[in-house]
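Just so we're on the same page: letters track the sequence lines, and every chain starts at 1.
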2 protein chains.
Amino acid sequence: MSEATIQTYTRADEAFDCLQTAIVKGELIPGEKIGEVELCSRFNLTRGPLREALGRLESRGLLVRRPHAGVKVVSVSASELMELYRIREVMEGLAARQAAERMTDQEITDLKATLDTHERMIDEAQGQAYYQAEGDYDFHHRIATGSRNTKLAQMLLGDLYYMVRMYRYRLSTSTGRPHRALGEHRRIVEAIAQRDGELAEFLMKRHINAARLNIERKIQEGELTI
Amino acid sequence: MSEATIQTYTRADEAFDCLQTAIVKGELIPGEKIGEVELCSRFNLTRGPLREALGRLESRGLLVRRPHAGVKVVSVSASELMELYRIREVMEGLAARQAAERMTDQEITDLKATLDTHERMIDEAQGQAYYQAEGDYDFHHRIATGSRNTKLAQMLLGDLYYMVRMYRYRLSTSTGRPHRALGEHRRIVEAIAQRDGELAEFLMKRHINAARLNIERKIQEGELTI
DNA sequence: AGCCTGTATATTGTTGACAATACTGTCTTC
DNA sequence: GAAGACAGTATTGTCAACAATATACAGGCT
């Protein structure tokens, strides 16, 4: 049965996916109040499944809801975005450490291969921040999964990354940073390949801290308004 | 208006709270399949709001849902529970550090006062694990809130604690551990009072690690089956 | 003129009925 | 006698109408 893995998708799941990507891609702008009927016609849904999806999104912190008053996309302030990076720092540090202990050799080989792909992507898609961001996302995704820590991966992939990506979509990566980030990625993978969990954790924390400082600097220089 | 803060509660919120506490208190046992209509009659609800609540709970990882097949309470294995503690270790470490930097003097004073209350609780309610657990929860709750990191507090209080409490309800605290835990709490508060974030983080991580080892030992000794 | 109050309206919350799907038991066949 | 297929049933997913509430606007009062 090749179709055994085809899980039946319910309308609520569909609604959830649609809304989540719409929020991440910035089609629904933060702070904007959105009506239920408008969303229904927009995504061809009925209100039942939609409300279920809204509940899930609210629970994940992507929406805020006031009873009888409507829902709106969450708007994260600059300081809150920085706090998000602080959380990522410790959680992904843990993920890197556990990945070093638990990833299979095959997974590590694949991870190295993806880094090569990313390098080509950065060279080819010169300045196209979108693809660079996707590459970065891919890397962190693999580490989170490689940790074999179900809840940790769930929290990173299901919660934090969506919120971070929501902002990464609209801020261009600074020139030079992608190459530096790639170098940092390589060192982290090196540590994982050597099964040095402590080092992998340290390097990952420093990597995310660098990304945070990069954004912080941009905000202070006024290049970026959130 | 003293009633300005009375947020209108919707039936879905009610359903969510009911189910969450029912799961945490063990009234709904893990792995057990539960029907929607049964839940409705049990909590005097209708299926609409209930389904919304189920969606939220699934999104938080307290329930697992298979389309057209029903929902069941998530059953966390022993190793998964240990992973939960690993996550707590890094996240609460961060919370303690930020709390040391940001809590007001008043909050610290209050925190010290609650520790005195906990001490009395432990002495009086000799062996009554329930109250001891509540005191412990209270302490960690205050630290998380004191971090002034909205998302961090949300993830700790809204996600992790419920899963941990779900198991703490059914496992008795070992004799001797409450007093030791209280001592550890005192040292953490001491570090926070001295605004020593680094120390607070270290002590909190060690505290949670000790709790993890305590449970791990019990499981290995067979005193505890999950 | 500004503020408060009351009503109208539009939006959200809720309900119960209907449709689709997975499980269970029985019957048939090997 | 056991295994597979079929149908019935019970449960979940979906829908559209109804009720409740917050916002907005208009009118009156201070």
Side-chain angles (χ1 to χ4, degrees), chain A residues 1-20 22-23 28-75, chain B residues 1-20 22-23 28-75:
Chain A
M1 332 164 175
S2 63
E3 57 198 353
T5 51
I6 295 179
Q7 304 227 11
T8 52
Y9 254 0
T10 169
R11 308 281 278 181
D13 292 328
E14 198 183 324
F16 182 75
D17 288 342
C18 281
L19 282 170
Q20 192 165 32
I23 291 169
L28 297 171
I29 53 177
E32 184 191 32
K33 190 234 171 193
I34 42 182
E36 289 186 5
V37 284
E38 189 199 323
L39 287 175
C40 286
S41 59
R42 190 163 172 175
F43 297 106
N44 263 42
L45 292 162
T46 176
R47 280 184 59 215
L50 180 86
R51 284 182 62 80
E52 209 183 305
L54 290 179
R56 284 199 242 175
L57 288 165
E58 187 202 12
S59 167
R60 293 207 178 178
L62 259 66
L63 293 178
V64 284
R65 208 172 186 184
R66 252 183 28 211
H68 294 99
V71 300
K72 61 177 186 181
V73 180
V74 73
S75 60
Chain B
M1 323 165 177
S2 63
E3 57 198 352
T5 51
I6 295 179
Q7 304 226 15
T8 52
Y9 256 157
T10 169
R11 307 282 278 182
D13 292 326
E14 197 184 323
F16 181 74
D17 288 341
C18 282
L19 282 170
Q20 193 165 35
I23 291 169
L28 296 171
I29 54 178
E32 184 190 30
K33 191 234 172 193
I34 42 182
E36 289 187 3
V37 282
E38 189 199 323
L39 288 175
C40 286
S41 60
R42 189 162 173 176
F43 295 108
N44 262 44
L45 291 163
T46 176
R47 279 185 58 216
L50 179 87
R51 285 181 62 80
E52 209 183 305
L54 290 179
R56 284 199 242 175
L57 288 165
E58 188 201 12
S59 167
R60 293 207 177 177
L62 258 67
L63 293 179
V64 286
R65 209 172 185 183
R66 250 183 32 211
H68 293 99
V71 300
K72 63 177 187 181
V73 180
V74 74
S75 60

B:R51 CZ - D:dG13 P separation (whole Å): 4 Å
Can you check whether B:E52 reaches B:T10 side chain to side chain, under 4.5 Å on heavy atoms? no
State, to 0.1 Å, how close B:L50 and B:A15 come at their nearest heavy-atom pair, and which atoms those are. CA-CB, 4.4 Å
Do B:V73 and B:E32 make a side-chain contact, defined as non-hydrogen atoms from C-beta onward lying under 4.5 Å apart? no
Atom pair distance, as rounded to whole Å: CG in B:L50 and C1' in C:dG16: 15 Å
Could you tell me whether A:G48 contacts a base, only the sugar-phosphate backbone, or nothing, with contacts defined as non-hydrogen atoms closer than 4.0 Å? nothing
Go through B:I23 and B:V74 one step at a time and tell me if the side chain to side chain contact (heavy atoms under 4.5 Å, CB included) criterion holds. CA-CA 9 Å; B:I23 291 169; B:V74 74; over 6 Å; no
Rounded off to whole Å, could you give me the CG-to-P distance for the A:L54 and C:dT14 pair? 14 Å
Taking atom CG of A:L39 and atom CZ of A:R47, what is their separation to the nearest 0.5 Å? 11.0 Å
Mind calculating the distance between CG (B:L39) and C1' (D:dG13) to the nearest angstrom? 16 Å
Between P on D:dT21 and OH on B:Y9, what's the gap in Å once rounded to a whole number? 16 Å
Of A:L45 and B:V71, the one whose closest DNA chain D nucleotide lies more 5': B:V71
Nucleotide by nucleotide, 5' to 3', does protein get under 4.0 Å of the base (B), only the sugar-phosphate (S), or neither (-) in nucleotides 18-25 of chain C, counting heavy atoms? ---SSS--
Just N and O in the side chain of A:T10: are any of them under 4.0 Å from OP1 or OP2 of D:dT12? no
Grab the CD-P distance between B:E36 and C:dG16 for me, whole Å please. 15 Å
How about B:V71 and B:E58: do any of their side-chain heavy atoms sit closer than 4.5 Å? no
Could you state the NZ-C1' distance from B:K33 to D:dT12, rounded to the nearest angstrom? 9 Å
Taking atom C1' of D:dA16 as reference, at what distance in whole Å does atom CZ of A:R11 sit? 14 Å
I'd like to know whether A:R42 forms a side chain to side chain contact (heavy atoms under 4.5 Å, CB included) with A:L28, so could you lay out the CA-CA distance, the side-chain angles of the two residues, the decisive distance to 0.1 Å, and finally the verdict. CA-CA 12 Å; A:R42 190 163 172 175; A:L28 297 171; 3.4 Å; yes
